[in-house]
S.K.: 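Structure provided below as structure tokens; questions to follow.
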Amino acid sequence: MFDADKIRKDFPILNLKVHGKPLVYFDNGATAQKPLRVIEKINSLHLESNANIHRGLHYLSEKITSEYEEARKTIAGFINARSGKEVVFTSGATMSINTVAYSYGEKFVSEGDNVIVSEMEHHSNIVPWQMLCQRKNTELRVIPFDDEGYLREDRLEGLIDNKTRIVAVTQASNVLGTMPDLDKIIKLSHNAGVPVLIDGCQGIVHADVDVQALDCDFYVFSGHKLYGPTGIGILYAKEKWLEEMPPFMGGGDMVKTVSFEKTEYADIPLKFEAGTSNFIGAIGMAEAVKYLSSIDFNAVRLHEYELTNYASDQLQNLDGVKIYGNVPDKCSIISFTVEGTHPYDIGMILDKMGVAIRTGTHCAEPVMAHYGLQSMARASFAMYNTFGEIDIFVDSLEKTISMLRG
């Protein structure tokens, strides 16, 4: 049996009181909290190992460089990449997607081509492709979803043609919780010779990821949603793509030789890591991965699934609550509205009761537009959340609704 109370002891911030109330943190879809061992690792690096990587011959530089490259191997093992060569450290998933949109786009996308995304994407998996399409005078095509929250993967085959250059889809919607059928999407795309990028920001937290079994061409995620530091992320790419793509940025550490006549780029993955990388963040992220690897992931997934179902059942008993995204086996996200109230008001009052949720568009305005809304409230659960916290949340929401309706 999964013991959430035991897990909670690893996260010091969960002992915090907000406005005199015990913190109930249900904004994990935006940023997850960090276990103590990650915090301690980051602190120890600043105290004992801080020096620039790849550049120095002195003790501190060699020590931190070794830890940085070991972190790369740890991440590669976590997602089952073929080697560390396929793992690029970035500032986050947004940077990872922008890197592919620019680097892959510069070489492989031309005027008259098209790029396919889904209607349920986060802005970070829409805007970079729009920018590419504007730059190259290409078309952006969209896989729709239905009102229940199912992505219409069956529409993909009709969208792909001989001008399609890449398909970019989420592993799990940050609004609806929907986890599309990636196997189907990747198979359909590859049958047409089209590579696939997966935004794994929400998915990797709630599901095992094996990029070789998945056979995606690109996979991106961020550290701060995976119980790790902010400002660090991963771009996984098949080695063949990293070899063929031009670098996104130029500068130090991504070169072998530089002259005014010619620059020779470094071998992958360093070709895509210009400047001083966030080596502290990378090592901290690897520590978070080590922590997660010590926990029974199947038990975590079941716990989060049960939390989500329990919360959904309780919320549906409240007058006027409407949940968006009702597909089975979704990840632990519940987005909702309450008739006659504004999500911002709900969020502000819940905060006074110690409950942290997210309100707004969730950086997914096309999802809001699908339902004719300006914003939603969202509760997102993590492995350290409990059924007792859901009871507090639902009770607090009921009081909030009563207050707002007078």
Side-chain angles (χ1 to χ4, degrees), residues 5-18 22-23 25 27-28 30-79 81 84-85 87-96 201 204-205 220-236 249 251-255 266 269-270 272-295 300 356 382-384:
D5 290 327
K6 182 180 179 182
I7 293 291
R8 290 177 66 84
K9 294 176 182 177
D10 296 332
F11 294 82
I13 199 170
L14 299 180
N15 296 318
L16 194 67
K17 287 196 173 183
V18 176
L23 172 65
Y25 187 76
D27 194 21
N28 297 284
T31 292
Q33 300 302 336
K34 301 172 184 60
L36 182 60
R37 66 182 280 180
V38 171
I39 296 168
E40 290 178 337
K41 182 63 177 180
I42 292 170
N43 288 341
S44 73
L45 293 171
H46 285 297
L47 289 168
E48 302 168 3
S49 304
N50 188 48
N52 213 319
I53 58 170
H54 296 152
R55 292 165 170 84
L57 296 176
H58 57 82
Y59 170 80
L60 287 180
S61 180
E62 291 193 338
K63 183 174 185 291
I64 199 74
T65 297
S66 176
E67 288 200 61
Y68 179 75
E69 293 303 336
E70 281 299 316
R72 195 190 306 277
K73 293 177 184 178
T74 297
I75 300 298
F78 185 62
I79 61 174
K85 287 183 178 182
V87 173
V88 178
F89 285 116
T90 68
S91 64
T94 298
M95 178 66 170
S96 299
C201 277
I204 196 167
V205 187
V220 308
F221 58 101
S222 294
H224 69 103
K225 298 183 191 295
L226 197 64
Y227 308 101
T230 56
I232 189 69
I234 296 298
L235 164 59
Y236 158 81
M249 295 192 300
D253 215 27
M254 53 77 68
V255 294
L270 296 185
F272 294 93
E273 294 182 5
T276 298
S277 299
N278 182 4
F279 50 87
I280 299 289
I283 298 167
M285 185 179 189
E287 192 66 25
V289 164
K290 291 175 185 176
Y291 173 77
L292 288 171
S293 298
S294 71
I295 301 170
V300 169
M383 60 183 174
Y384 43 60

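Nothing here was measured: the structure is a model prediction, and the numbers come from that model. By convention here, the first residue in the shown sequence is residue 1.
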S.K.: Does the pair K73/E69 count as a salt bridge with the N-to-O cut at 4.0 Å?
M.R.: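 Salt bridge between K73 and E69, a charged N being under 4.0 Å from a carboxylate O: no.
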
S.K.: What residues form a ring-ring contact (aromatic ring centres under 6.0 Å, His included) with F221, not counting sequence neighbours?
M.R.: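 For F221 the ring-ring contact (aromatic ring centres under 6.0 Å, His included) partners, ignoring immediate neighbours, are Y219.
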
S.K.: Between F78 and I204, is there a side-chain heavy-atom distance shorter than 4.5 Å?
M.R.: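 With C-beta onward as the side chain, the pair touches.
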
S.K.: For A93, is there any backbone N or O sitting under 3.5 Å from a side-chain donor or acceptor partner on S222?
M.R.: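 Answer holds: yes.
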
S.K.: With rounding to the nearest 0.5 Å, note down the distance linking NZ in K290 to CD1 in I75.
M.R.: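 The distance works out to 9.5 Å.
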
S.K.: Closest heavy-atom contact between Q33 and F11?
M.R.: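 For Q33 and F11, the tightest heavy-atom pair comes out as O-CE2, 3.3 Å.
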
S.K.: What's the spacing between L14 CG and K9 NZ if we round to 0.5 Å?
M.R.: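 Here the rounded value is 13.0 Å.
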
S.K.: If you count heavy atoms of other groups shown closer than 6.0 angstrom to NZ of K85, is the number above 12?
M.R.: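 No.
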
S.K.: Are the side chain of H224 and the backbone of K34 linked by a donor-acceptor contact shorter than 3.5 Å?
M.R.: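 No; judged by distance alone, with no hydrogens or angles, the pair does not exist.
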
S.K.: Rounded to the nearest 0.5 Å, how far does CD of E40 lie from CD of E287?
M.R.: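 Output value for this atom pair is 9.5 Å.
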
S.K.: Rounded to the nearest 0.5 Å, how far apart are CD1 of I283 and CD1 of I232?
M.R.: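 I283 CD1 to I232 CD1: 9.5 Å, rounded to 0.5 Å.
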
S.K.: Please report the shortest heavy-atom distance between A288 and Y227, naming the atom on each side.
M.R.: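 That would be CB-O, 3.4 Å.
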
S.K.: Please check if the side chain of R55 supplies one atom and the backbone of I53 the other of a donor-acceptor pair under 3.5 Å.
M.R.: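 Pair found, side chain donor or acceptor close to backbone of I53.
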
S.K.: Please list all pairs passing the ring-ring contact (aromatic ring centres under 6.0 Å, His included) test where one or both residues lie in residues 30-63, with sequence neighbours left out.
M.R.: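 Only H54-Y68 qualify under ring-ring contact (aromatic ring centres under 6.0 Å, His included).
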
S.K.: Report yes if some heavy atom in the side chain of E273 is under 4.5 Å from a heavy atom in the side chain of L270; otherwise report no.
M.R.: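 E273 vs L270: side chains touch.
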
S.K.: Just wondering, do L235 and V220 contact through their side chains at under 4.5 Å, heavy atoms?
M.R.: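 They are in side-chain contact.
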
S.K.: Determine yes or no for a side-chain-to-main-chain donor-acceptor pair under 3.5 angstrom, with S66 supplying the side chain and E62 the backbone.
M.R.: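 Checked: no pair found.
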
S.K.: Would you say Y384 and N28 are linked by a side-chain donor-acceptor pair, where the criterion is simply a distance under 3.5 Å?
M.R.: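 Present: a donor and an acceptor within the cut-off.
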
S.K.: Roughly how far, to the nearest 0.5 Å, is the OG1 atom of T90 from the CD1 atom of I234?
M.R.: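 Here the rounded value is 6.5 Å.
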
S.K.: Is P35 close to V38 at the side-chain level, that is, under 4.5 Å between some pair of heavy atoms?
M.R.: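 Side chain of V38 against side chain of P35, heavy atoms only: contact under 4.5 Å found.
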
S.K.: Could you give the distance from OG1 (T31) to CG (L226), rounded to the nearest 0.5 Å?
M.R.: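 Rounded to the nearest 0.5 Å, the OG1-CG separation comes to 12.0 Å.
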
S.K.: Could you pull out the closest heavy-atom pair between M285 and P229, with the gap in Å?
M.R.: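 Shortest heavy-atom contact: N-CD, 3.5 Å.
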
S.K.: So, does S293 use its side chain to make a donor-acceptor pair with the main chain of V289 at under 3.5 Å?
M.R.: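 Yes; at least one donor-acceptor contact below 3.5 Å.
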
S.K.: Considering all heavy atoms of both residues, which atom of S61 and which atom of G56 are nearest to each other, and what is their separation?
M.R.: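 Heavy atoms of S61 and G56 come nearest at OG-N, 3.1 Å.
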
S.K.: Shortest non-hydrogen contact from L60 to N50?
M.R.: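 That closest heavy-atom pairing would be CD1-O, 3.8 Å.
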
S.K.: Does any non-hydrogen side-chain atom of I280 lie less than 4.5 Å from one of I42?
M.R.: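 Contact flag for I42/I280 side chains = yes.
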
S.K.: Heavy-atom distance under 4.5 Å between the side chains of Y25 and I13, does that happen here?
M.R.: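 They are not in side-chain contact.
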
